[in-house]
Amino acid sequence: MQLKIYNSLTGEKEIFKPILDGNVGMYVCGPTVYSNVHLGNVRTFLSFDFIYRSLTHLGYKVRYVRNITDAGHLTDDGDVNNDRFVKQTRLEKLEPMEIVQKYTVDFHKVLEMFNLLPPNIEPTATGHIVEQIELTQKLIERGFAYESNGSVYFDVLEYNRRGLNYGELSKRNIEELFANTRDLDGQGEKKNPQDFALWKKASPAHIMRWNSPWGEGFPGWHLECTAMSTKYLGETFDIHGGGMDLKFPHHECEIAQGKACNDAAPVNYWMHANMLTMNSQRMSKSTGNYILPMQLVTGENDFFEKPFHPSIVRFCFLQAHYRSVLDISNDAMLASEKGFVRLMEAMKVLHSISPNDDKQSGFNLEEWKNKAYDALMDDFNSPVLIAHLFEAVKYIFALNDGKETISAKDLEDLKLTLNALIFDVLGLQSIEENNNEKLDQTLKVLIELRNQARKSKNFELSDQIRDRLLAEGIELKDGRDGTTYVLN
């Protein structure tokens, strides 16, 4: 079987051929940490977590790089007041790095909740200012960029004049781009309306600023990803991922910067996750059709009738292919919960089944495995993979009812395969196991509170904690190494 990946650049599925055999360099555009991570972001990062897990499971050694944008986010090269960090620092009356820390912590907390693996490297834009200045200087030296009033811009027309193609990823025509360009503050500094900022001069109002050969300023948004991806993955690497909304102008600009700097395409396979909608409408704060990840999990919202465990949300998201629009609704979440519970019940039942070697099974395990892995190798087709998992679920319940048979060898193979696909590749977690972890943490807190009560000679409280837990079937045992518990 050969892994095929849909390449956004060519618009076709292609056989995946890594630059270095057995190794994969993958870069995914991370969050701009000026606000809480939203569900659409989670959908994108979860898609690439699944892809990362799949590549690892298939035997590749993956270097997964996902950045943190913490140096400002001026998307239109215009008025500094449009910078998202500037807006948020004023709104919350906090220092920029307080905003960065607050929402970076939120980002990591939410992704951990949905069982996303951390990347191998998570660079920050502020930690790579030197590299961004060096890239800008190189582009000026090569004639692809120019300084204007303390800012530096990439010359799009010059890029095209040299036989290169700005617009190749998004399939946009350069003349149309010029015709549709809006008038923005700072446009007068540019030679052409579609030129984009590599380095922006900092106005007195701009809080985040660094010294450069062109004066105090800050890097352009597009330059950050080029600097960080090439530093850790090389001038050309295997996979670049991100949301569909980043295809233009962000990823288009990354291609131009990479080619102009290094005379080579920076990426071999461009991958884009599609958008998330809710109740068949685009999620938007302005329309009120909007919900944060934590609100979906806690049930504190007006759209869903109950809370949904993070593993159920993850399962729901993976039931749509990463390139398809995913629509969530109350009905969709309830259906996902039902499917998830049945899948987990099947895994419990599987471990209680005994083999019967003397009978022929009507379930062709090898054929089923091939179909499951065919789905995985076909551009990471999670919905088809899940459909095949439920073929195995049906077989497991038939085994449990005595309507099917399985040999000891096949039983072990089925267990190993399902464990790998469900828990390692799809990244699902048993809710019971997750609750056991929470119980353990809760009891540790109660034991600590009891120990503090004993130290302060508040024996009435310490005895009350012990007795109340015992009444609930949890016995505390004091020993030389501390206090432990057993469930009765």
Side-chain angles (χ1 to χ4, degrees), residues 9 29 32 69 71-84 86 125 129 131-203 206 209-210 212-230 242 245-267:
L9 186 63
C29 291
T32 303
T69 294
H73 194 131
L74 189 62
T75 59
D76 60 12
D77 298 342
D79 186 355
V80 69
N81 292 311
N82 291 329
D83 188 303
R84 294 171 181 178
V86 171
I129 298 296
E131 289 85 351
Q132 292 171 78
I133 290 173
E134 288 174 350
L135 274 176
T136 303
Q137 288 176 309
K138 186 175 181 180
L139 287 167
I140 291 173
E141 289 167 5
R142 304 198 84 193
F144 286 102
Y146 57 91
E147 186 270 338
S148 177
N149 192 30
S151 295
V152 180
Y153 296 97
F154 188 94
D155 192 331
V156 171
L157 280 185
E158 178 61 27
Y159 179 78
N160 274 38
R161 268 195 294 267
R162 300 197 194 184
L164 299 165
N165 179 18
Y166 183 79
E168 62 182 301
L169 178 66
S170 56
K171 310 296 186 286
R172 301 193 182 200
N173 180 282
I174 189 73
E175 284 77 18
E176 290 176 6
L177 290 175
F178 279 106
N180 295 330
T181 301
R182 294 180 297 124
D183 289 329
L184 298 166
D185 290 341
Q187 293 282 19
E189 298 176 347
K190 300 180 182 182
K191 291 181 180 178
N192 317 297
Q194 279 299 326
D195 293 352
F196 56 88
L198 302 170
W199 186 266
K200 283 290 288 183
K201 178 181 179 180
S203 69
H206 207 277
R209 56 176 67 216
W210 290 267
S212 79
W214 316 284
E216 284 194 340
F218 55 96
W221 173 38
H222 314 304
L223 189 67
E224 297 169 5
C225 284
T226 294
M228 290 182 279
S229 62
T230 54
D245 58 316
L246 297 180
K247 187 182 285 188
F248 185 87
H250 186 50
H251 291 162
E252 198 75 73
C253 294
E254 282 191 66
I255 291 174
Q257 289 165 165
K259 284 189 172 183
C261 265
N262 305 311
D263 297 320
V267 178

State whether the side chain of Glu252 and the backbone N or O of Leu169 hold a donor-acceptor pair below 3.5 Å, judged by distance alone.
yes

Look at the side chain of Arg142 and the backbone N and O of Cys261, then say whether any donor-acceptor pair between them is shorter than 3.5 Å.
yes

Does a side chain donor of either Asn192 or Asp155 reach within less than 3.5 Å of an acceptor in the other side chain?
yes

Polar side chain donor-acceptor pair, Glu189 to Ser148, under 3.5 angstrom
no

Pair Tyr166, Leu157 - check side chain to side chain contact (heavy atoms under 4.5 Å, CB included), show working.
CA-CA 9 Å; Tyr166 183 79; Leu157 280 185; over 6 Å; no

Side chains of [X] and [Y] in contact at under 4.5 Å (non-hydrogen atoms):
| X | Y | value |
| --- | --- | --- |
| Phe154 | Asp195 | no |
| Arg209 | Phe218 | no |
| Trp210 | Pro219 | yes |

[X] [atom1] to [Y] [atom2] distance, which is reported to the nearest 0.5 Å:
| X | Y | atom1 | atom2 | result |
| --- | --- | --- | --- | --- |
| Lys247 | Glu254 | NZ | CD | 14.0 Å |
| Asn160 | Gln194 | CG | CD | 10.5 Å |
| Ser212 | Trp199 | OG | CH2 | 5.0 Å |
| Ser203 | Glu216 | OG | CD | 11.0 Å |
| Ser170 | Leu9 | OG | CG | 10.0 Å |
| Lys201 | Asn149 | NZ | CG | 4.5 Å |

Residues two or more places apart in sequence or in another chain: which of them pass salt bridge (charged side-chain N to carboxylate O under 4.0 Å, His left out) with [X]?
| X | value |
| --- | --- |
| Lys259 | Glu168 |
| Glu158 | Arg161, Arg162 |
| Glu134 | none |

Are the aromatic ring centres of Tyr153 and Phe196 under 6.0 angstrom apart?
no

Applying side-chain hydrogen bond (donor to acceptor under 3.5 Å, both in side chains), name anything that partners Asn262, two or more places apart in sequence or on another chain.
Lys138

Excluding sequence neighbours, so at least two apart, what forms side-chain hydrogen bond (donor to acceptor under 3.5 Å, both in side chains) with Ser151?
none

Given side chain to side chain contact (heavy atoms under 4.5 Å, CB included), test Trp214 with Thr136 step by step and report yes or no.
CA-CA 10 Å; Trp214 316 284; Thr136 303; 3.4 Å; yes

Set of residues satisfying side chain to side chain contact (heavy atoms under 4.5 Å, CB included) with respect to Ala227, sequence neighbours excluded
Glu131, Gln132, Leu135

Show the numbers, then the answer: is there a side chain to side chain contact (heavy atoms under 4.5 Å, CB included) between Ile255 and His251?
CA-CA 6 Å; Ile255 291 174; His251 291 162; 5.7 Å; no

If every non-hydrogen atom of Ala125 is compared with every non-hydrogen atom of Ala71, which pair is closest and at what distance?
CB-CB, 3.8 Å

Look at the aromatic rings of His250 and His222 and report parallel, tilted or perpendicular, splitting at 30° and 60°.
tilted

Applying side chain to side chain contact (heavy atoms under 4.5 Å, CB included) to Tyr146 and Val152, what does each step give before you reach the verdict?
CA-CA 6 Å; Tyr146 57 91; Val152 180; over 6 Å; no

